S.K.: 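Below are the structure tokens for one structure; questions will follow.
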Amino acid sequence: MTVSIAHLGPPGTYAEAATLVYADYLTQTTGHRPLLCPYPSITQTLQAVANGDVALGVVPVENSIEGSVTITLDAIWKLDLIRIQKGLVLPISHALLSNAQGLADIKTVYSHPQALAQCQGWLEKFLPNVQAIPTNSTTEALQYLQETTTAAIASGRAAELYQLPILAHPINDYPDNCTRFWVVSLQPWPGGNYTSLAFSVPANVPGALVKPLQIFAQRNINLSRIESRPTKRSLGDYLFFIDIEANTDHQSVRSALQELKTHTETLKIFGSYSILNHQPQSPC
Ligand SMILES: O=C(O)C(=O)C[C@]1(C(=O)O)C=C[C@@H](O)C=C1
């Protein structure tokens, strides 16, 4: 049976590039080529997995310049059953695509908010008076390029795919730009050396976060990331997303999670997974 993988589309997005990396890995390990299914937004990609419309989904989680992809974290928290199967890191190199003669003709630039943010400094320096308009994906931004006063931030791969001219490349503010993606599904997976979880704390009182963090520290379990997101219930009320460098199969992790349950209001464990080591020829 062909496995379907949902990702943010249309074709040409960085999420599609990450999905192609995972599709190659699946083809090599199972002998079957999966089917790629583009969705118009990250939320719809995750919803397709939660509904069981597709077996897998690939979503961006964190960028080295701009930090968390908050849409992904919020949706994963809401969609209870989502489990992480793999992590993968993709180098990101943004280009300015446009049919304009030069930068001076550009009045509007379109892109995904993460891409606009990763190029903020470049935009301020080279296109200071231009209006930046967010789109659902970098590829969606390309539909506005019929006008010769518009530009889009997308990948060199997208420029090639849609035969669009590149005015400047690379334009990300820092050269070492990477985005981490998660491959998610409804199935628990045999695991790896990373575990991701999130929790809300019972009340906004002093030290509410100290205890959960101590539980890991006391067992010598290393935290590789901590991120807060508003619960959206009231101002100052937060959820905490944590990545630890250990597997839920380890006795110390199991006992930490047991204890954590008693110090949190809601605890969600998204699973243990390994990182796919991918060495691309060139950035996407
Ligand atoms: O719009 C795209 O092309 C995406 O794949 C989304 C996305 C993101 O949400 O972070 C993925 C990687 C890059 O960091 C920029 C944008």
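Please read these numbers as outputs of a predicted model, since none were measured by experiment. Counting starts at 1 for both ligands and their atoms, following the listed order.
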S.K.: Heavy-atom contacts under 4.0 Å between Ser137 and ligand 1: side chain, backbone, both, or neither?
M.R.: both

S.K.: Considering only heavy atoms, does Thr179 approach ligand 1 within less than 4.0 Å through its side chain, its backbone, both, or neither?
M.R.: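 Just the side chain.
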
S.K.: Take Thr150 and Lys107 through the test side chain to side chain donor-acceptor pair (under 3.5 Å) and record every step on the way to the result.
M.R.: CA-CA 6 Å; Thr150 58; Lys107 294 193 165 47; over 6 Å; no

S.K.: State whether Arg180 and Glu227 are salt-bridged, where the test is any N-O pair (Lys NZ or Arg NE/NH1/NH2 against Asp/Glu carboxylate O) under 4.0 Å.
M.R.: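 Salt bridge absent between Arg180 and Glu227.
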
S.K.: Around atom NZ of Lys261, are there more than 12 heavy atoms of other residues, nucleotides or ligands at under 6.0 Å?
M.R.: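 Result for NZ/Lys261: open.
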
S.K.: Hey, is Leu8 touching ligand 1 through its side chain, its backbone, both or neither, going by heavy atoms under 4.0 Å?
M.R.: side chain

S.K.: Where the closest heavy atom to atom 7 (C) of ligand 1 is concerned, which of Ser68, Pro60, Pro113 has it?
M.R.: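 Nearest option to atom 7 (C) of ligand 1, by heavy atoms: Pro60.
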
S.K.: Considering both backbone and side-chain atoms of Tyr14, is one of its nitrogen or oxygen atoms within less than 3.5 Å of a nitrogen or oxygen in ligand 1?
M.R.: yes

S.K.: Compute the shortest N/O to N/O distance between Ala15 and ligand 1 and return yes if it is under 3.5 Å, no if not.
M.R.: yes

S.K.: Taking only heavy atoms of Thr13 into account, list the atoms of ligand 1 that are under 4.0 Å away from them.
M.R.: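 The atoms of ligand 1 under 4.0 Å from a heavy atom of Thr13 are 2 (C), 3 (O), 5 (O).
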
S.K.: Among all protein heavy atoms, pick the one closest to atom 1 (O) of ligand 1 and tell me residue, atom and distance.
M.R.: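 Scanning the protein heavy atoms, the shortest distance from atom 1 (O) of ligand 1 goes to Thr138 N, 2.8 Å.
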
S.K.: What I want to know is whether Asn136 and ligand 1 share at least one N or O pair that is separated by under 3.5 angstrom.
M.R.: no

S.K.: Considering only protein heavy atoms, which is closest to atom 9 (O) of ligand 1, and at what distance to one decimal place?
M.R.: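 In this structure, atom 9 (O) of ligand 1 has His112 CE1, 3.1 Å as its nearest protein heavy atom.
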
S.K.: Start with the C-alpha distance between Asp105 and Thr149, add both sets of side-chain angles, then the distance that settles side chain to side chain donor-acceptor pair (under 3.5 Å), and finish with yes or no.
M.R.: CA-CA 6 Å; Asp105 298 330; Thr149 56; over 6 Å; no

S.K.: Could you tell me, atom by atom, which parts of ligand 1 come under 4.0 Å of a heavy atom of Gln118?
M.R.: 14 (O)

S.K.: What I want to find out is whether Glu16 reaches Arg157 closely enough, with some N-O distance under 4.0 Å, to be called a salt bridge.
M.R.: yes

S.K.: Any carboxylate oxygen within less than 4.0 angstrom of a Lys/Arg side-chain nitrogen, looking at Arg33 and Asp24?
M.R.: yes

S.K.: With Tyr14, which of His112, Gln114, His94 fulfils side chain to side chain donor-acceptor pair (under 3.5 Å)?
M.R.: His94

S.K.: Tell me whether Glu245 at atom CD has more than 12 heavy atoms from other residues, nucleotides or ligands lying less than 6.0 Å away.
M.R.: yes

